[in-house]
Protein chains: 2
Amino acid sequence: MPTIKDIAKAAGVSPASVSRVINNGPKVGAKTREKIKRIMGEMEYQPNANAQAINVQNNASIGIVLADLTDPLFAKMAHGIEKVAAQKDLQIFLNSGAFDQTSELNAIEVLLEHRYKALVVHSAMIDDKTLIEFARKVPGLVLLNRHIKEIESRCIWLDDKAGGGLMAEHIVEQGHKKIAIIAVDGIQNNTRHRIEGMKAQLAKYPVHYQIEVLEQGAATYEGGEVAVQNLLARGVEFSAILAYNDAIAVGAVSMLKAHGLSVPDDVSVVGFNNLILAQCMKPKLTTIHNPIEEMAMKATELALRLSKGEGTDVASFSIEEHQYTPELVIRQSVKRID
Amino acid sequence: MPTIKDIAKAAGVSPASVSRVINNGPKVGAKTREKIKRIMGEMEYQPNANAQAINVQNNASIGIVLADLTDPLFAKMAHGIEKVAAQKDLQIFLNSGAFDQTSELNAIEVLLEHRYKALVVHSAMIDDKTLIEFARKVPGLVLLNRHIKEIESRCIWLDDKAGGGLMAEHIVEQGHKKIAIIAVDGIQNNTRHRIEGMKAQLAKYPVHYQIEVLEQGAATYEGGEVAVQNLLARGVEFSAILAYNDAIAVGAVSMLKAHGLSVPDDVSVVGFNNLILAQCMKPKLTTIHNPIEEMAMKATELALRLSKGEGTDVASFSIEEHQYTPELVIRQSVKRID
DNA sequence: ATTTCATCGTCAATGCTTTTCCCTGTGCCT
DNA sequence: AGGCACAGGGAAAAGCATTGACGATGAAAT
């Protein structure tokens, strides 16, 4: 693999000139430029990006850390980031965190070692304090789908409380009084916020609601199945299920059917995220729309701006731009009861 | 951000010693080692990965290029690669190709510029010749989900012909004679191979089959919907649909229902890929299992081996290890007719 | 013909780490 | 005590490209 020196020698010029041609710099005459270009082509020269990155302080790539790409929600995040990157002709370095603290930390560290200036991180497991420290150290770091008060100007997040509220509101307005909530365990704050939101909403009505919160390990289709099985086995009474996400909701529906219960006739189900899955299934799933792709795009743009030292003035911070609002999408999986 | 020199100065040693500590090299006494480590911690030193990569020929990362992460099939690929990477403690540099030729090329080029030695590329748009050339140039490049005869020892692919054959076989054994095929357009070979496989299978029977092949642009849920709409509008007769993938199949089912046709009572539908989607929907989708995750893992391991110069002997090549076989998964979307 | 000034290029320093080669001191053997 | 092996450590080159300061060349201006 030829280096810049080889090209220079072959073209009878100095490495500096070659470098200037590579970077479309000035100070190289049209003729020389052509010649150098030709030789670069002939010798199949490819600049060593690592060597370039040593010198240039402005690494034109975005580092991102995500948990698990097989979760369509995270895939959508990735897609949002990609869209911004492609549009600005930037590269993405993706590092998968795999949902445990040490590998998430490791992922961030790797990104820092590569001197990426703009970082979009989606961390579910790292504690606030550590993240705050990272944020202080790295100006271009933005947290996606997480809200830490101390550095909220560096966060893009969903109003999970409002999301929980919407779910509860919809359900009780349809007359439901016995509600099962399928949450997920772990340190994840959004599950907690949503439940808080639900409870806060329910507290607004002068009715007594029967609530059962079930913490279910896996936020997946199978998780939804076992959650319902669990509920039924324990004889919990419920006419509505509020699920942590669409996958769980779909799993729940499937298991309810397996037990001869119809959705929405016997049990109403509400999902969360509004993934494509929610539209495909039968009955179409009533769910909460999560504008994660827009959020991801926003986070990316923010990270890029911050990494360039722009928009550092905290004065310009407005919650409206950083906190996204979920929306109720009514389809067919909820039925009014009396 | 401190450099190795800063650390060296602070510790009163030479950069060489610090480097040796970083890389767990020899020639540093226990006491000095401890001291250097301490100082590195205190000063929050992080080695510059780019500078490291200049010297070290063996870049311990895997470069991958994929098209669109929002397609669950590709997400599964990514996951397979990740699994291998995590297990070997390697990083992934992901570059999204976005399904057009120039950006796919660009993605590969970027990876080469970063001097990644092990490359897993999933390219749908680049022509054979270009890929063959890349393969020749880069020993550690492996093609995932694609078969190019000339470099098949560097490919991991699915036997699409067999997949098409399975679909056709199943359908005709259930008595169907009027078959609509929803394919996708583009240079993608797998669509073509599958159709070839279907036709070859049908040719084995002494019956005349009525086949309609519809090339539908988007391999998505919506694509499936418009495809069916198209078929119905043109008055094409069919009792079975063979779809290019599960998403199309699900879209097709939805549109059939919208026209008052029941699946599988009026029309049978077969998908492809066996994504989670296929299990969730109602009726559960009969489909072809695509072991893409295993394939991705295999491709990654192969790329790593090749990048280390191992397994270069073409003699050891066996098709069985490189070509994966799809399997029929019978669920509820196909019905016997007479 | 001489000065002036763009224009085109080169030299050498820079960025950060690794690695080769060489030096020093210590302990051990004879 | 002399010689040797060896562990611990340093100096400097190597690895690849960028960049700022400076030099040469030729044409235009006086």
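Naming convention: chains lettered A, B, ... in sequence-line order (proteins, then strands); numbering from 1 in each chain.
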- Query: Considering only heavy atoms from C-beta outward, does the side chain of B/Leu94 approach that of B/Leu69 to under 4.5 Å?
  - Reply: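 Answer yes - side chains close enough.
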Rounded distance in Å - [atom1] ([X]) to [atom2] ([N]):
X	N	atom1	atom2	value
B/Asn48	C/dT14	CG	C1'	14 Å
B/Asn23	C/dT17	CG	P	11 Å
B/Gln46	C/dT17	CD	P	11 Å

Check [Y] with [X], please: is the shortest side-chain N to carboxylate O separation under 4.0 Å?
X	Y	result
B/Lys76	B/Asp71	no
B/Arg38	B/Glu34	no
A/Glu152	A/Lys149	yes
A/Asp128	A/Arg146	yes

- Give me the residues of residues 24-44 of chain B where at least one heavy atom lies under 4.0 Å from an atom of DNA chain C, by number, or none.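 DNA chain C contact set from residues 24-44 of chain B: B/Lys27.
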- Message: By the 4.0 Å heavy-atom rule, please label B/Asn50 as base, sugar-phosphate, or nothing.
- Response: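 Contact class for B/Asn50: none.
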- Query: Taking only N and O in the side chain of B/Tyr45, is any of them less than 4.0 Å away from OP1 or OP2 of C/dC16?
  - Reply: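 So the side-chain polar atoms of B/Tyr45 never come under 4.0 Å of the phosphate oxygens OP1 or OP2 of C/dC16.
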- C/dT18 phosphate, OP1 or OP2, under 4.0 Å from B/Gln52 side-chain N/O: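 Yes.
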- Record whether the side chain of B/Asn55 comes under 3.5 Å of the base of C/dT19 through a donor-acceptor pair of N or O atoms.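 Answer is no: no donor-acceptor pair is held.
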- Any N or O donor-acceptor pair linking the side chain of B/Arg20 to the base of C/dT20 at under 3.5 Å?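 Under the 3.5 Å cut-off, the side chain and the base do form a donor-acceptor pair.
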- Those residues of residues 2-17 of chain A lying under 4.0 Å from DNA chain D by at least one heavy atom: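 The stretch gives A/Thr3, A/Ile4, A/Ala16 as the residues lying under 4.0 Å from the strand, ordered by number.
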- Residue A/Pro47, side-chain heavy atoms: nucleotide from D/dA17, D/dG10, D/dA21 that is nearest: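 Nearest to the side chain of A/Pro47 among the choices is D/dA17.
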- Message: Please identify which of these residues, A/Leu119, A/Leu112, A/Val120, meets the side-chain contact (heavy atoms from CB on, under 4.5 Å) condition with A/Tyr116.
- Response: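 Considering A/Leu119, A/Leu112, A/Val120, a side-chain contact (heavy atoms from CB on, under 4.5 Å) with A/Tyr116 is found only for A/Leu119.
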- Message: Tell me whether the rings of A/His122 and A/Phe74 are parallel (<30°), tilted (30 to 60°) or perpendicular (>60°).
- Response: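 Correct class here is tilted.
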- Query: In terms of the nearest nucleotide of DNA chain C, which residue is placed more toward the 5' end: B/Ser19 or A/Ile54?
  - Reply: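 It is A/Ile54, whose closest nucleotide lies nearer the 5' terminus.
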- Tell me the ring pair (Phe, Tyr, Trp, His ring centres under 6.0 Å) pairs involving residues 17-40 of chain A, sequence neighbours left out?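 For residues 17-40 of chain A: none.
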- Query: Which value, rounded to the nearest 0.5 Å, describes the distance between B/Met1 atom CE and B/Tyr45 atom OH?
  - Reply: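 With rounding to 0.5 Å, CE (B/Met1) is 10.0 Å from OH (B/Tyr45).
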